[in-house]
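Below is one structure, written out as structure tokens; comments come after it.
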2 protein chains.
Amino acid sequence: MRTRSGDKEKSIANAAVKVFARDGFHGAKITRIAEEAGVATGSVYLYFKNKESILHHLFSKLWHAMHVSFEDLLKREDLSAREKIEELFDSIFNLFSQNPPLALLFVNEQHHLLREGTGDFMQYYVEFLRMGEQLVRDGIKRGEFNASVDPRSFTNFVFGGIRQLLHQWARAPRQFPLNTIRRDIKEITMFGLLPRSS
Amino acid sequence: MRTRSGDKEKSIANAAVKVFARDGFHGAKITRIAEEAGVATGSVYLYFKNKESILHHLFSKLWHAMHVSFEDLLKREDLSAREKIEELFDSIFNLFSQNPPLALLFVNEQHHLLREGTGDFMQYYVEFLRMGEQLVRDGIKRGEFNASVDPRSFTNFVFGGIRQLLHQWARAPRQFPLNTIRRDIKEITMFGLLPRSS
DNA sequence: ATTATATTTGAACCCTGATTCATTATTCAG
DNA sequence: CTGAATAATGAATCAGGGTTCAAATATAAT
């Protein structure tokens, strides 16, 4: 009996991240992914049903990781609403900080998956937005947040804003350092554009 | 001599917006666009060089329209910095308000074009971001805005946020009325999440 | 060492859909 | 009316690349 080397799946997945990020899902060729992973073209199909399922796998892992850190975050009773939101930002950034291509993948290819509306990560995505809303709603209830902010709009707005800034960072990490972006986002979302003591 | 009916180009372009929005650029078939436009498949190639160029044409028109309203806006001396920014939001929303598919196209298919980095609208896009930064910088200089907000981060963040909310609206206009979104964005960007008199 | 079993390979297959172009239809000048 | 000249058609072409699978290779058990 022979056993699978075991790290082939991972190296295919990693290669796929790079190639999807560089060429986009449709521009990415399976042969190129295999080459990047150091395996034969056909081997890709031993570990994944098809091209689409590679993308699914990657997004599943990604959203699952997010889901885990978000759940942990929600449970914590030692943080103010503001601190929770800021931790949430941090946990997103931490997920991508070592991996610009992963950020590009996340930012650019999600709409493929939204179009079909299937896949387990869809669940995570929807739940994530709900969580964000809940955080804001709690904060308002506790008097920590401005009650005239709409929780759903806020969550979507911030999610979109983070995506755009992640995108800029991933394309030019030097020009948009992640720590700077993280600080800026907190400043903007918490205080807005107008001076604090108007 | 026979003359082109003249509205065929427009009907192809309009059909393309719908089909691109529904199926995505790669999912969209030329035959489907032709069918939707009420012309033969081959006719599409009388008016456009290829599939890609249809997308280019649409984005060109779109960004050009934005560019025009932004330029007008910048010139106006009767508005405060805050009013200018809010007008800018409005002009974006006005562009899409009658056309959810156009919004979907704008939101979902831009990354194709960013990847190549060519096309005249790229110019507009970059310029648009610069404009946004300049508006914020001016506002800070005039003491209207919080000086610790980074203009570049702010512009990108807000651009991303608007995209996400436009997306939600375009997918379900009833559930996310545009006027609500517009109001919410202004509230969030101007005042942030924290109560105004902390 | 030998055999059985599992894994890997990559060239060939084949489908999809963008693009082409020979044919047909329409317009208009003379 | 006639026939250039142009516009429109849509079936056929053709290329690209996802997927398959027969052959080759590696491993483990005996």
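Just so you know, these numbers come straight off a predicted model, no measurement behind them. By convention in this document, chain letters (A, B, ...) are assigned in the order of the sequence lines, proteins followed by strands, and residues within each chain are numbered from 1.
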Which pairs of donor and acceptor atoms, one on a side chain in residues 174-181 of chain A, lie under 3.5 Å apart (sequence neighbours left out)?
unit_1: Asn179(A); atom_1: OD1; unit_2: Arg182(A); atom_2: NH2; d: 3.3

Table please: side-chain donor-acceptor pairs of residues 128-140 of chain B below 3.5 Å, with sequence neighbours left out.
unit_1: Arg130(B); atom_1: NH1; unit_2: Glu133(B); atom_2: OE2; d: 3.4
unit_1: Glu133(B); atom_1: OE1; unit_2: Arg137(B); atom_2: NH2; d: 3.1
unit_1: Gln134(B); atom_1: OE1; unit_2: Arg137(B); atom_2: NH1; d: 3.0
unit_1: Gln134(B); atom_1: NE2; unit_2: Asp138(B); atom_2: OD1; d: 3.0

Enumerate, atom names and distances included, each donor-acceptor pair closer than 3.5 Å involving a side-chain atom of residues 117-124 of chain A, sequence neighbours excluded.
unit_1: Thr118(A); atom_1: OG1; unit_2: Glu116(A); atom_2: OE1; d: 3.1
unit_1: Asp120(A); atom_1: OD1; unit_2: Ser60(A); atom_2: OG; d: 2.8
unit_1: Asp120(A); atom_1: OD2; unit_2: Ser60(A); atom_2: OG; d: 3.0
unit_1: Tyr124(A); atom_1: OH; unit_2: His64(A); atom_2: ND1; d: 3.0

Got a list of side-chain donor-acceptor pairs under 3.5 Å for residues 26-43 of chain B, not counting sequence neighbours?
unit_1: Lys29(B); atom_1: NZ; unit_2: Gly27(B); atom_2: O; d: 2.9
unit_1: Arg32(B); atom_1: NH1; unit_2: Glu35(B); atom_2: OE1; d: 3.3
unit_1: Glu36(B); atom_1: OE2; unit_2: Lys18(B); atom_2: NZ; d: 3.3

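Rounded to whole angstrom, the span from the CD atom of Glu52(A) across to the C1' atom of dT19(D) amounts to 15 Å. In this structure, Glu35(B) atom CD and dA8(D) atom C1' are separated by 17 Å, rounded to whole Å. Atom pair Tyr47(A):OH and dT7(C):C1' shows a separation of 7 Å (rounding to whole Å applied). For the pair Asp23(A) CG and dG16(D) P, the computed distance is 16 Å after rounding to whole Å. Note: CD1 (Ile33(A)) to P (dG18(D)) measures 8 Å, nearest angstrom. Rounded to a whole Å, the CG atom of Leu46(B) is 13 Å from the P atom of dC21(C). As a whole-Å value, the separation of Glu9(A) CD from dT8(C) P is 12 Å.
Residues meeting the ring pair (Phe, Tyr, Trp, His ring centres under 6.0 Å) test with Tyr125(B), sequence neighbours left out: Trp63(B), Phe159(B). For Phe25(B), the ring pair (Phe, Tyr, Trp, His ring centres under 6.0 Å) criterion is met by Phe20(B), His112(B), not counting sequence neighbours. Looking at residues two or more places apart in sequence or on another chain, you find a side-chain contact (heavy atoms from CB on, under 4.5 Å) between Ser69(A) and Ser91(A).
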Contact list (N/O, under 3.5 angstrom) for nucleotides 16-18 of chain C vs protein:
unit_1: dG17(C); atom_1: OP1; unit_2: Lys29(B); atom_2: NZ; d: 2.8
unit_1: dA18(C); atom_1: OP1; unit_2: Ala28(B); atom_2: O; d: 3.0
unit_1: dA18(C); atom_1: OP1; unit_2: Lys51(B); atom_2: NZ; d: 3.1
unit_1: dA18(C); atom_1: OP2; unit_2: Ile30(B); atom_2: N; d: 2.8

Extract from the structure each pairing of a protein N or O with an N or O of nucleotides 10-15 of chain C at less than 3.5 Å, listing the distance.
unit_1: dG10(C); atom_1: N7; unit_2: Gly42(A); atom_2: N; d: 2.9

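Between His167(B) and His111(A), the distance from one ring center to the other does not fall under 6.0 angstrom.
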